[in-house]
Amino acid sequence: MAECAAQISLKALQNCATNLKNETQRHGEMTPKARARKCADVMFAQDSASAGLGMTIDDVTPGGAVLSMSVRADMLNGHGICHGGFIFTLADSAFAFACNSYNQTTVAQQNQITYLSPGQPEERLTATAREVSRSGRSGIYDVTVTGADDRVVALFRGLSRSIKGQLFSEEEPT
């Protein structure tokens with residue numbers, strides 16, 4: 001009998017928690033996807049480097065981001081292919097939007113990139129960032145840069161560190 005009462009109480013508590021979560025989201029709390037999008041919008045509005053290179057944010061999710069950029073003539077190196085610095089910048093920007101998607105100010109701690117194939121003139125490159133690990137103030141993110149034909153152009157790993165501050169206030173107006 002006591003076990004039945006405990007199970008009923010646990011079930012009632014779980015239902016109450018679910019209802020509270022649903023009610024809170026109905027009353028204005030941001031969903032994780034909406035928070036990630038707002039973080040990206042706030043950051044991009046101040047990111048003259050990414051905007052100046054013609055990058056677009058194609059998607060953003062909690063811990064993830066997809067950015068793309070067309071290889072312009074002024075991005076070509078002496079071999080007539082995309083300069084690695086521009087590929088790195090695209091990957092680094094995708095990393096930045098992914099690790100800042102929780103509304104906690106986060107910066108790069110360390111990055112590395114491996115180039116696998118060249119970016120071609122006028123080609124649209126896409127950088128897809130995904131969170132591998134996030135614990136405490138540290139995070140690990142992998143970014144795959146692909147060409148228009150889906151070949152892998154570069155693999156990038158970024159280590160992040162959260163610092164004080166948020167991108168925007170989540171407090172409800174009073």
Side-chain angles (χ1 to χ4, degrees), residues 24-25 28-72 74-77 81-119 123-148 150-173:
T24 302
Q25 287 183 345
E29 181 180 304
M30 249 182 217
T31 65
K33 175 84 174 168
R35 179 177 295 107
R37 183 77 243 178
K38 184 164 183 179
C39 290
D41 291 344
V42 168
M43 280 182 56
F44 197 76
Q46 300 175 45
D47 186 350
S48 55
S50 296
L53 292 174
M55 291 182 200
T56 59
I57 302 171
D58 301 330
D59 191 28
V60 65
T61 58
V66 179
L67 273 69
S68 59
M69 168 185 85
S70 292
V71 178
R72 303 183 313 226
D74 62 343
M75 297 175 174
L76 302 179
N77 64 17
I81 56 176
C82 186
H83 189 288
F86 292 109
I87 296 169
F88 183 96
T89 303
L90 175 63
D92 186 47
S93 290
F95 160 65
F97 285 99
C99 66
N100 278 279
S101 62
Y102 299 102
N103 197 22
Q104 173 65 50
T105 304
T106 305
V107 296
Q109 182 172 266
Q110 177 182 335
N111 297 328
Q112 69 178 45
I113 194 164
T114 303
Y115 301 100
L116 301 172
S117 66
E123 178 176 38
R124 188 124 186 114
L125 301 178
T126 302
T128 304
R130 69 173 185 82
E131 185 177 277
V132 174
S133 172
R134 183 171 163 255
S135 179
R137 293 176 50 208
S138 298
I140 301 172
Y141 294 79
D142 284 344
V143 182
T144 303
V145 179
T146 55
D150 291 328
R151 77 187 182 292
V152 177
V153 172
L155 298 173
F156 172 105
R157 174 157 278 190
L159 307 183
S160 69
R161 188 74 171 169
S162 295
I163 58 174
K164 286 185 181 182
Q166 293 181 306
L167 298 168
F168 64 92
S169 174
E170 292 193 48
E171 294 177 18
E172 290 190 48

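Owing to the predicted nature of the structure, the values given are computational and were not obtained by experimental measurement. Note: hydrogens, waters and symmetry copies are ignored here, and every other heavy atom, side chains too, is used.
Evaluation of the side-chain hydrogen bond (donor to acceptor under 3.5 Å, both in side chains) rule for Asp74 yields Arg72 as partners, not counting sequence neighbours. Legend: residues meeting ring-ring contact (aromatic ring centres under 6.0 Å, His included) with Phe88, ordered by chain and number and at least two apart, are Phe156.
Using modelled atom types and a 3.5 Å distance limit, the side chains of Arg161 and Thr106 yield no donor-acceptor pair. Thr56 and Asp58 are linked by a side-chain donor-acceptor pair at a separation below 3.5 angstrom, with hydrogens and angles left out of the test.
The shortest side-chain heavy-atom distance between Thr146 and Thr128 does not fall under the 4.5 Å cut-off. At a threshold of 4.5 Å between non-hydrogen side-chain atoms, the residues Tyr102 and Glu131 count as touching. You'll find the side chain of Leu159 stays beyond 4.5 Å of the side chain of Gln112, heavy atoms only. Residues Phe86 and Val71 form no side-chain contact, since every pair of their non-hydrogen atoms from C-beta on lies 4.5 Å or further apart. Annotation: side chain of Thr61 is in contact with side chain of Lys33 (closest heavy-atom distance under 4.5 Å). Side-chain contact between Asn103 and Met30 is absent, with no heavy-atom pair separated by less than 4.5 Å. Contact of the Thr89 side chain with the Met55 side chain is registered, since non-hydrogen atoms from C-beta on lie closer than 4.5 Å. Leu155 is not listed as a side-chain neighbour of Asp142, based on a closest heavy-atom distance of 4.5 Å or more.
A distance of 7.5 Å separates CD1 of Ile87 from CD1 of Ile81, quoted to the nearest 0.5 Å. To the nearest 0.5 Å, atoms CD (Gln104) and CZ (Arg35) are separated by 11.5 Å. The CZ atom of Phe97 sits 4.0 Å away from atom CD1 of Ile57, with the distance rounded to the nearest 0.5 Å. The CZ atom of Phe44 lies 6.0 Å from the OG atom of Ser50; values are rounded to the nearest 0.5 Å.
The minimum heavy-atom distance linking Ala94 with Val143 is given by the pair CB-CG1, 4.2 Å.
Judged by distance alone, the side chain of Arg134 and the main-chain N or O of Cys99 form no donor-acceptor pair under 3.5 Å. Asp47 contributes no side-chain N or O that, together with a main-chain N or O of Met43, makes up a donor-acceptor pair within less than 3.5 Å. No donor-acceptor pair under 3.5 Å is formed between the side chain of Glu123 and the backbone N or O of Ser70. Looking only at distances, a side-chain donor or acceptor of Ser101 sits under 3.5 Å from a matching main-chain atom of Gly63.
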